[in-house]
Amino acid sequence: MTTLAPSADADPDASPWTPVCAVADLQPERGVAALVDGRQVALFRLFDGSVHAVGHRDPFSAAYVIARGIVGTRGEVPTVASPMYKQVFDLRTGVCLDAPDDAAVRLPVHAVRLREGLVEVGPPLASR
Amino acid sequence: MTFADCRQLVVVGGGMVAHRLVEALVDRGAVAEGGWQVTVLAEEPRAPYDRVALTSYFSGRDPDDLSLGQPGLWDTPGVQLRRGEAVTAIDRDARRVTTSAGREVGYDALVLATGSSAFVPPVGGRDLSGCFVYRTVDDVAALRQFVADAAARLQGRRTPRRVVGAVVGGGLLGLEAAGALTALGVDTHVVEFAPRLMPLQVDEGGGEALARLVGALGVQVHAGTATARLTAGRDGRVARMHAAEGSAAGLDHLDVDVVVFAAGVRPRDELARACGLAVGPRGGIAVDTTCRTEDPAIWAVGEVASVAGRTYGLVAPGYTMAEIVADRLLGGAAEFPDPDLSTKLKLLGVDVASFGDAFGTAPGALSVVYGDPVAGVYKKLVLSDDARTLLGGILVGDAGAYAALRPMVGRELGGDPAAWLLPEGAEGGPVTAGLPDDAAVCSCNNVSAGAIRDAVRCDGCTDLGAVKACTRAGTSCGSCLPLVKKLVGTELEAAGVAVSTALCEHFDVSRAQLFDIVRVTGISSFSELVDRYGRGRGCDICKPVVASVLASLDGRHVLDGERATLQDTNDHVMANIQKDGTYSVVPRIPGGEVTPEGLIAIGEVARDFGLYTKITGGQRIDLFGARVELLPAIWQRLVDAGFESGHAYGKALRTVKSCVGSTWCRYGVQDSVALAVALELRYRGLRSPHKIKLGVSGCARECAEARGKDVGVIATDKGWNLYVGGNGGFTPRHARLLAEDLDTATLVRTIDRFLVYYVRTADRLQRTAPWLEEIEGGLDHVRAVVLDDSLGIAADLDAAMAAHVEGYTDEWRATLEDPEKLRRFASFVNAPDSPDPSLAYVVERGQPRPMTADERADDATGRSGAVLVAGPRLEVLHP
Ligand SMILES: Cc1cc2nc3c(=O)[nH]c(=O)nc-3n(C[C@H](O)[C@H](O)[C@H](O)COP(=O)(O)OP(=O)(O)OC[C@H]3O[C@@H](n4cnc5c(N)ncnc54)[C@H](O)[C@@H]3O)c2cc1C
């Protein structure tokens, strides 16, 4: 397994991208957790090959478990259901589909890019 | 609340009808300030119970099973129940009653609900030891004890023999008593004075069919025979019953050990007679159609009331009287309507129903009869002279059509009436749509078709359970449930509420249908299934269902290929997630039997990994606080010590709980532990719609609480009794008897079939109790499938279970042997062994537990007195 150490580099000029694993390490529709700059991130590779990263912390239980939820779809929206109390989140926006207007239960979303077979995670995006 | 300005209602008798009266008053808010304060004086030492179900006390053994209505009624403020305190006199002038405790209680209104007592014909010897009546829990308990003692005595003789019993009376009660005696292992005779059984309910043809069916069950029927006297043996107990001379069957005498009188009842109107109230022509307190006696302050309800000259020996008319008095006490104007005297019984497992004008007494009445002597079926419909309107009927041997036919009495049947009598007697079929709103569907609780439709239309009920709770339909004898269910279904469809059995937005079919699809097509992956029979990429509802269905059919490992993506986190890491995101681990301890070495091994694992330890309700040990990355190391130790997965995380067989059984217990009659271990090893790993629990008790004391389990087994001295459909949890249910006195091989085969049939046909997350309630035909249907192979699928069910037993492997051992699977247990993909930095624990009662949010806040500000014992700052021993 290709495991890269988290980038603990505090150099402001350093790349904002942290390579975390090989794309091939991600089983489609089964999440993994990763440590990125001291943050816990949940990574998902979907059936269509796209990779998404959201916060690993479940806002409803405060436990770090989102990566262990079941991946699926609601309509066209790719989703993950928290394994704790089963709220469903939009993997693209982090919005909780069971409480779409509640910003407090929205998951942070991280940028992701695929480079040379590696998955690289960026810092959390400002919520749109 | 104060009751100072209340009027006083005194109810004499704490029976079924008194219960209904109080319930009706409380429901209507009449027991309140400015309303009524109620005192119930009850001669029996217990709260009112379901006398109709008295016989089930023989199998259930727990008087609590007979409780009526909502618990808590007797705790209502303003309601007082005084048990074991009979009323001995009524002073009408002073409006006061005197009780056996010497108290005097004044009343503004008095309701007499004293019921009936068993009638014992004036034959010599009727008071001998060994003679019983059949009316109260105490009667039944005494009878059971006497039979048990007699059985022990007769078994111990040099020439052992079975207990012989005679029931005097072949009516409804007599047959019920005969059934109870037979169930106690007594060779039973029924002696009936009339020329046939159940003379009040069935005609000659029905009586013949009934006698054949009852005879086939080993009960000997002596119709047309009068009992002349009883004589004692040398020990003073009853020993012989002498028939009157000239009895039709030519019987002279019977040698018996026990006699039960079930020759009718007499209203307990003695209090009323003593205070000068008028009684009816055949006894009973005379009341008008408002249930009031000639004294305006005194009412009578239930079996003791003689309404317009007639007494009623059934509970439904009594309930109607209770409702009328409740209404009248509140100033209403209700009156007693023509009562419905329909009866449906399952006597000794034989269906008998009679309704309406069963004997065809109306002028010009026609009857249509269907008889099948071989199958022991007799059915008769009584129709009006134009053969269109249903007047009544009798069904013996197959009363399936009863629920649908009874509400049609007085209405045009439509089509060919004979169609109702054929074996498939279209249950409910053509009727539901045309059933008028005022037709009574549930006669026990007087619920009309309209009330059921309203519950769906207006009260928003969307399933059978909600309708039952809302209308009380089907909550007493349950015989109308098939009809209620159909009405609800029809109404929901009409209301455009699609009666959706769809699993979720991805599949339009139910779990049971999905099961059949997978079984027939042989599809073995979620992707193919959702492509061909669904849409989208699934969700947390359908994916675990598909995983479970696939597991039932091909037994592959939960983490095989795409299968791993379908699993809930519990099944994915084969442990139970806890509130902080760590897991608990439960090794299997079959039957709750564990060696000292095993206990030590578990203890050492818990100690070495810093796990909180607790004994579960299923007789095993739960280890909490296991981080995902430590699960393989923990399990390596457990597997090395000989343990395997306990599937505590799965919708699967959990445990088979047992008592210690005959190997140690001085009361045990069978080896419950050995059976529990065998069953647990047989069914371990069986995936199902919901968790399944079993229990095995070594004797009737039931220490394993088997009747609280999906499958409960209770030892008898002849084998095992099998109960199904028990649940604890949110809606507790006692399991119901499926079969009696099975030998071990038959028991196991029956459980095999029951479980596979459940796994195949239940809904997602539907436990066995609601499944049995919802499945067409209920418990009787399931019994027919698993015992009589009524669907012809028994061989298939047996093969499915054989494949499961054959194919079982421990999924934790298999995981430990496969590096690919072990990769899943990394905490972080880029730091596989780093613990979740958010975890924090404190010690409480010598063990770790997760920090609360408050403790975390204190900890962060350095004010914490709590000790961190695990998590990132704790050195955990790795093996
Ligand atoms: C085995 C059995 C099976 C039955 N099966 C059916 C059936 O299938 N369908 C059906 O419709 N009906 C059935 N019945 C009949 C049904 O149980 C009765 O119709 C019903 O219980 C009548 O209710 P009740 O309140 O009038 O009388 P009960 O339930 O008999 O209650 C009267 C109570 O009053 C008490 N009492 C009497 N005198 C006094 C006093 N002076 N002071 C204080 N308390 C007093 C008695 O001890 C008793 O507890 C069955 C009855 C039996 C025994």
Side-chain angles (χ1 to χ4, degrees), chain A residues 1-7 18-22 25-36 38-48 56-58 61-88 97 118-119 121, chain B residues 504-506 526-527 530-531 534-544 547 559 561-573 575-583 627-629 819-820 822-839 850-853 856:
Chain A
M1 160 177 180
T2 325
T3 306
L4 302 187
S7 149
T18 307
V20 290
C21 64
D25 288 339
L26 298 178
Q27 179 177 20
E29 299 187 338
R30 189 87 244 182
V32 300
L35 279 175
V36 178
R39 288 176 209 273
Q40 299 195 38
V41 174
L43 276 183
F44 300 92
R45 180 176 165 200
L46 301 185
F47 197 64
D48 64 9
H56 188 34
R57 181 176 181 277
D58 169 21
S61 61
Y64 287 76
V65 293
I66 289 295
R68 303 182 212 151
I70 288 180
V71 174
T73 54
R74 190 178 276 189
E76 298 298 311
V77 179
T79 58
V80 61
S82 164
M84 200 65 81
Y85 302 119
K86 316 288 175 191
Q87 289 86 0
V88 174
L97 298 178
L118 293 185
V119 179
V121 178
Chain B
C504 62
E505 67 172 79
H506 306 102
F526 176 81
S527 288
V530 79
D531 263 0
R535 65 187 72 84
R537 286 301 303 167
C539 64
D540 60 316
I541 292 173
C542 60
K543 281 185 165 175
L559 299 182
E562 188 197 53
R563 217 61 67 100
T565 69
L566 309 180
Q567 313 291 354
D568 205 13
T569 186
N570 283 6
D571 281 292
H572 187 230
V573 302
N576 291 48
I577 196 165
Q578 303 299 328
K579 65 190 294 180
D580 66 349
T582 62
Y583 293 83
R627 302 197 308 268
V628 65
E629 71 276 13
E820 239 336 274
L822 285 175
R823 274 200 330 127
R824 301 176 177 280
F825 295 86
S827 49
F828 298 102
V829 67
N830 55 354
D833 296 323
S834 299
D836 172 353
S838 75
L839 299 174
M851 267 191 174
T852 64
R856 279 173 186 273

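Letters go in sequence order (proteins before strands), and every chain restarts at 1.
- Options A:G75, A:A67, A:G72 differ in how many heavy-atom pairs under 4.5 Å they form with chain B, and the most are formed by A:G72.
- More than 12 heavy atoms of other residues, nucleotides or ligands lie within 6.0 Å of CZ in A:R74, so this atom counts as buried by the packing criterion.
- Heavy-atom minimum distance, B:N830 versus A:A34: OD1-CA, 3.6 Å.
- Between A:V20 and B:V829, the shortest heavy-atom distance links the atoms O-CG1, 4.3 Å.
- Closest of all the heavy-atom pairs between A:L35 and B:S834 is CD1-CB, 4.5 Å.
- Interface remark: B:S827 contributes backbone atoms only to the contact with chain A (heavy atom separation under 4.5 Å).
- The contact between A:E29 and chain B is made by backbone and side chain atoms together, counting heavy-atom distances below 4.5 Å.
- Here the closest non-hydrogen pair linking B:D836 and A:Q40 is OD1-NE2, 2.8 Å.
- Nearest heavy-atom pair, B:P544 versus A:I70, reported as atom, atom and distance to 0.1 Å: CG-CD1, 3.6 Å.
- No salt bridge links B:R537 with A:D48; every basic N to acidic carboxylate O contact stays at or beyond 4.0 Å.
- With a 4.5 angstrom heavy-atom cutoff, B:A564 touches chain A via backbone and side-chain atoms both.
- The candidate from B:K543, B:Q578, B:H572, B:E562 with the greatest count of non-hydrogen atom pairs under 4.5 Å with chain A is B:H572.
- Nearest heavy-atom pair across B:R824 and A:R30 is NH1-CG, 4.1 Å.
- Heavy-atom distances place no part of A:P78 under 4.5 Å from chain B, backbone and side chain included.
- Heavy atoms of B:D540 lying under 4.5 Å from chain A belong to its backbone as well as its side chain.
- Per-residue heavy-atom pair counts under 4.5 Å with chain A were compared for B:N570, B:V573, B:I577, B:D580, and the maximum is reached by B:I577.
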Derivation and outcome, side chain to side chain contact (heavy atoms under 4.5 Å, CB included), residues B:R823 and A:V32 | CA-CA 11 Å; B:R823 274 200 330 127; A:V32 300; over 6 Å; no

